[in-house]
Amino acid sequence: MIQISKRIVALLAFVILSGFLALNLGGCSAGGGQTTLLSITPEQYLASAKEQLETIEERDYEVRDLEEIIRVLENAEKDAKKTETIDRSRMYLVLANSLLARKKYKDLTVKGDYVSNNPEPFYVVNTKDVKETLRTANKWLRMCNSQFKTASLAADMNYVRGIYYMQKMLTVHNRERKEYLNEAVSAFRKCLGQAPDYKSEFRIFTKVQTNREVRLKLAEALAFGGQQADAYGIISEFTFKPIIPFAGATDSSDYAWHHTKGFVLATMGMYKEAAETLERFKIVSPTDYMQVDEALYFLRGVYERLAEVTKDKKYELEAELVASMLEKLEGPFSSESYVTSAHLFPRPMFGDVKFFEGVIKFYNKNFEEARKIFESLSKRGAMSRANRSAALLFEAECLFYTNAAITDDMIENLINLAGKNDLSSMQLERLASLLAGYVMNKDLEENKSLVRHESQQFIRNIFSAPTALSVRLKKGELKRVSKELKDRKKPD
């Protein structure tokens, strides 16, 4: 009897032990237990991808780094159930694919992988692989456009949208290029309109994106899109200019501004001014500014253009010196096999150079000198059609800001200009603002303040309240004002 009891106790102990092991080690067997213990949640995938994206350094990353991040993000989006996780995953997929396209495009530009039979200055980059990457980015962007519901990420989404359209613009030409540029400009401005003190929830190349980075991206997009006058207006706006450091300090926080300004000036054909701006990077180390390689890369191209224009041998020596500096930096331009940036800055026509000189004087508040330049370009001089139309707009604005007489013919020409396709979207908005001020007989008093003077009025307004993203001009409709109209001065 005792022996039977011992067997029963042993059997019960075995059953209990087996049950315990089955419950605790069930995760090691196939089935539901394994999924519970070893699965990675979509939120964990997203956090991992975000961390990888934020820690990439711009001077030291490869295409495969971004491709790995994209793979992780796709896993997050595939299994996500929460709306916020889905929106974030898709937004990051647009951003990562756009940055991947940017990396591929830059590599092609530097290596000189161009479509054949396109001599300088009409280089056409072979963008077949870049377009394929952008096609993937566009797939995720379409999903965001149709189903994005996270309001707290609206400004971030517009910033990412602007980056995508800016990169897409570089792979197309003519009419499509202008359309994508307008989309990029609209997206960047909407970002600033929704969040004037914008600060991104993500980092790009270890850096948090602020409203300053958005404006720099906007200026860069305009310069690449052939709208340098608008780009220079953004860069030269006083509140956006770098603050002069105290004695012994560096302006490292403003390196990006100098970098962008030098690029804009170079695309305007103002090579000497561009060289003066970019020369500061000769003594900057990568630890202070990660994009110092690209700034020096631009400087070398500017020196080569100066050597062609001035026939001065010293600029050839300067270009060789910068090339040796790039080699010592051991960055993306350390190899001698890369193509210089001179092809990015084709020599503009004489009339275009004079137009840009007038633009610079205009933003420096030298209205009378600027007006004479714009007036001289109204009917003669070899220049692009778009800049000739813009010259008429700037000429009228100079007259308006100096309270000079504006003839009926000038107003008629401006109204006709609004119906053409020559002006950029920002110039069309500028024209609408100018005509509205004229019709309302707006009182103008000379303002000597560097911050508030007239030439910066439009740029300052669109960034303080950038909500009017489209305009309509109706000829023949006049809104009457209650105050007595003021006679303008008669022309001498």
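- By the side chain to side chain donor-acceptor pair (under 3.5 Å) test, T171 is found to be paired with no residue, residues two or more places apart in sequence or in another chain being considered.
- For the residue pair S424/D230, the side-chain donor-acceptor check at 3.5 Å is satisfied.
- Take E276 and apply the side chain to side chain donor-acceptor pair (under 3.5 Å) test, not counting sequence neighbours, and it matches no residue.
- Legend: salt bridge (charged side-chain N to carboxylate O under 4.0 Å, His left out) pairs involving residues 83-100, not counting sequence neighbours, sorted by first then second residue: E77-R90, E84-R88, R88-E201.
- Across all their heavy atoms, V130 and A101 have their closest contact at CG1-O, 3.8 Å.
- Within 6.0 Å of atom CD in E330, 12 or fewer heavy atoms from other residues, nucleotides or ligands are found, so the atom counts as exposed in its surroundings.
- Between T127 and L108, the shortest heavy-atom distance links the atoms CA-CD1, 4.5 Å.
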*Kindly determine whether V172 and E179 satisfy side chain to side chain contact (heavy atoms under 4.5 Å, CB included), including the steps that lead there.*
CA-CA 10 Å; V172 295; E179 289 176 359; over 6 Å; no
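- The pair E316-K311 does not meet the salt-bridge criterion, since no charged nitrogen lies less than 4.0 angstrom from a carboxylate oxygen.
- A cation-pi arrangement is present between K103 and Y61 under the rule of less than 6.0 angstrom and at most 45 degrees off the ring axis.
- The backbone N or O of G269 sits nowhere less than 3.5 Å from a side-chain atom of R347 that would complete a donor-acceptor pair.
- Classification of D254 and R212 as a salt-bridged pair holds, one side-chain N sitting under 4.0 Å from a carboxylate O.
- W140 places no side-chain N or O within 3.5 Å of a backbone atom of M91 that could act as its donor or acceptor partner.
- The CG atom of D129 sits 12.0 Å away from atom NZ of K131, with the distance rounded to the nearest 0.5 Å.
- Taking 4.5 Å as the limit, some side-chain heavy atom of M426 sits within range of a side-chain heavy atom of I234.
- Side-chain contact of S425 with E429: a donor-acceptor pair under 3.5 Å is absent, judged by distance alone.
- Remark: R203 engages no residue in a salt bridge (charged side-chain N to carboxylate O under 4.0 Å, His left out) (not counting sequence neighbours).
- In this structure, T85 and K81 have side chains that are not in contact, with every pair of non-hydrogen atoms separated by 4.5 Å or more.
- Shown here for D197 and N211, the closest heavy-atom pair between the two residues is CA-ND2, 4.3 Å.
- When the side chain to side chain donor-acceptor pair (under 3.5 Å) test is applied to Y315, no partner is found at least two apart in sequence or on another chain.
- A donor-acceptor pair is defined here as one N or O able to donate and one able to accept, closer than 3.5 Å; such a pair exists between the side chain of S341 and the backbone of Y297.
- In this structure, S48 contributes its side chain and Q44 its backbone to no donor-acceptor pair below 3.5 Å.
- Remark: E51 CD is loosely packed, at most 12 non-hydrogen atoms of other residues, nucleotides or ligands lying under 6.0 Å away.
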*Derivation of the salt bridge (charged side-chain N to carboxylate O under 4.0 Å, His left out) call for E304 and R300*: CA-CA 6 Å; E304 290 179 348; R300 181 184 178 183; 3.4 Å; yes
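- Salt-bridge annotation for E68 and R71: present, with a side-chain N of the basic residue lying under 4.0 Å from a carboxylate O of the acidic one.
- Between the side chain of T260 and the main chain of W257, no donor-acceptor pair closer than 3.5 Å is present.
- Residue C191 comes nearest to A155 through the heavy atom pair SG-O, 3.4 Å, listed as atom of the first residue, atom of the second, then distance.
- T287 and S285 are linked by a side-chain donor-acceptor pair at a separation below 3.5 angstrom, with hydrogens and angles left out of the test.
- The salt bridge (charged side-chain N to carboxylate O under 4.0 Å, His left out) search around E320 returns none, not counting sequence neighbours.
- Between E213 and K207, at least one side-chain nitrogen of the basic residue sits less than 4.0 Å from a carboxylate oxygen of the acidic one, meeting the salt-bridge criterion.
- Residues satisfying the side chain to side chain donor-acceptor pair (under 3.5 Å) criterion with R64, sequence neighbours excluded, are absent altogether.
- The neighbour count for K282 NZ, taken as heavy atoms of other residues, nucleotides or ligands under 6.0 Å away, is above 12.
- Of the inter-residue distances, the one linking E308 atom CD with Y303 atom OH reads 15.5 Å to the nearest 0.5 angstrom.
- A pairwise comparison of heavy atoms in L181 and A221 identifies CD1-O, 3.4 Å as the closest pair.
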*Take T267 and L344 through the test side chain to side chain contact (heavy atoms under 4.5 Å, CB included) and record every step on the way to the result.*
CA-CA 7 Å; T267 58; L344 295 175; over 6 Å; no
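- Listed by chain and residue number, nothing satisfies the ring pair (Phe, Tyr, Trp, His ring centres under 6.0 Å) test with Y271 (two or more places apart in sequence, or in another chain).
- Using a 4.5 Å heavy-atom cutoff, the side chains of E294 and Q291 are in contact.
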Can you give me every donor-acceptor pair (side chain of residues 93-100, partner residue at least two apart or in another chain, under 3.5 Å) with its distance?
from, atom 1, to, atom 2, distance (Å)
N97, ND2, L93, O, 2.8
S98, OG, V94, O, 2.7

*asked:* Between M290 and F205, is the side chain to side chain contact (heavy atoms under 4.5 Å, CB included) condition met? List the steps.
replied: CA-CA 9 Å; M290 295 294 290; F205 302 126; over 6 Å; no
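- Side chain to side chain, D79 and Y45 fail the donor-acceptor criterion of an N or O pair below 3.5 Å.
- Proximity of E279 to E318: side-chain heavy atoms (C-beta onward) are nowhere separated by under 4.5 Å.
- Between V264 and L222 the shortest side-chain heavy-atom distance does not fall below 4.5 Å.
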Side-chain atoms of residues 157-170: list all donor-acceptor pairs with protein atoms under 3.5 Å, sequence neighbours left out, distances to 0.1 Å.
from, atom 1, to, atom 2, distance (Å)
N158, OD1, R161, NH1, 2.6
N158, ND2, A154, O, 3.4
N158, ND2, Q194, OE1, 2.7
Y159, OH, Q209, OE1, 2.6
R161, NE, N145, OD1, 3.3
R161, NH2, N145, OD1, 2.9

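- Under the 6.0 Å cut-off for aromatic ring centres, H259 and F298 qualify, their centroids lying closer than that.
- A side-chain donor-acceptor contact under 3.5 Å links T310 to the backbone of L306.
- When every heavy atom of Y198 is checked against every heavy atom of S200, the shortest pair comes out as OH-CB, 3.2 Å.
- Although no hydrogens or angles enter the test, the distance criterion places no donor-acceptor pair under 3.5 Å between the side chain of N366 and the main chain of F362.
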Enumerate donor-acceptor pairs with a distance under 3.5 Å from any side-chain N or O in residues 351-359 to protein atoms, sequence neighbours excluded.
from, atom 1, to, atom 2, distance (Å)
D352, OD1, S384, N, 3.1
D352, OD1, S384, OG, 3.2
D352, OD1, N387, ND2, 2.9
D352, OD2, S384, N, 3.4
K354, NZ, E357, OE1, 3.3

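- L434 is listed as a side-chain neighbour of L393, based on a closest heavy-atom distance under 4.5 Å.
- Taking the salt bridge (charged side-chain N to carboxylate O under 4.0 Å, His left out) definition, one finds that E273 meets it with nothing, sequence neighbours left out.
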*Step by step, work out the side chain to side chain contact (heavy atoms under 4.5 Å, CB included) result for L46 and Y92.*
CA-CA 9 Å; L46 180 60; Y92 281 120; 3.7 Å; yes
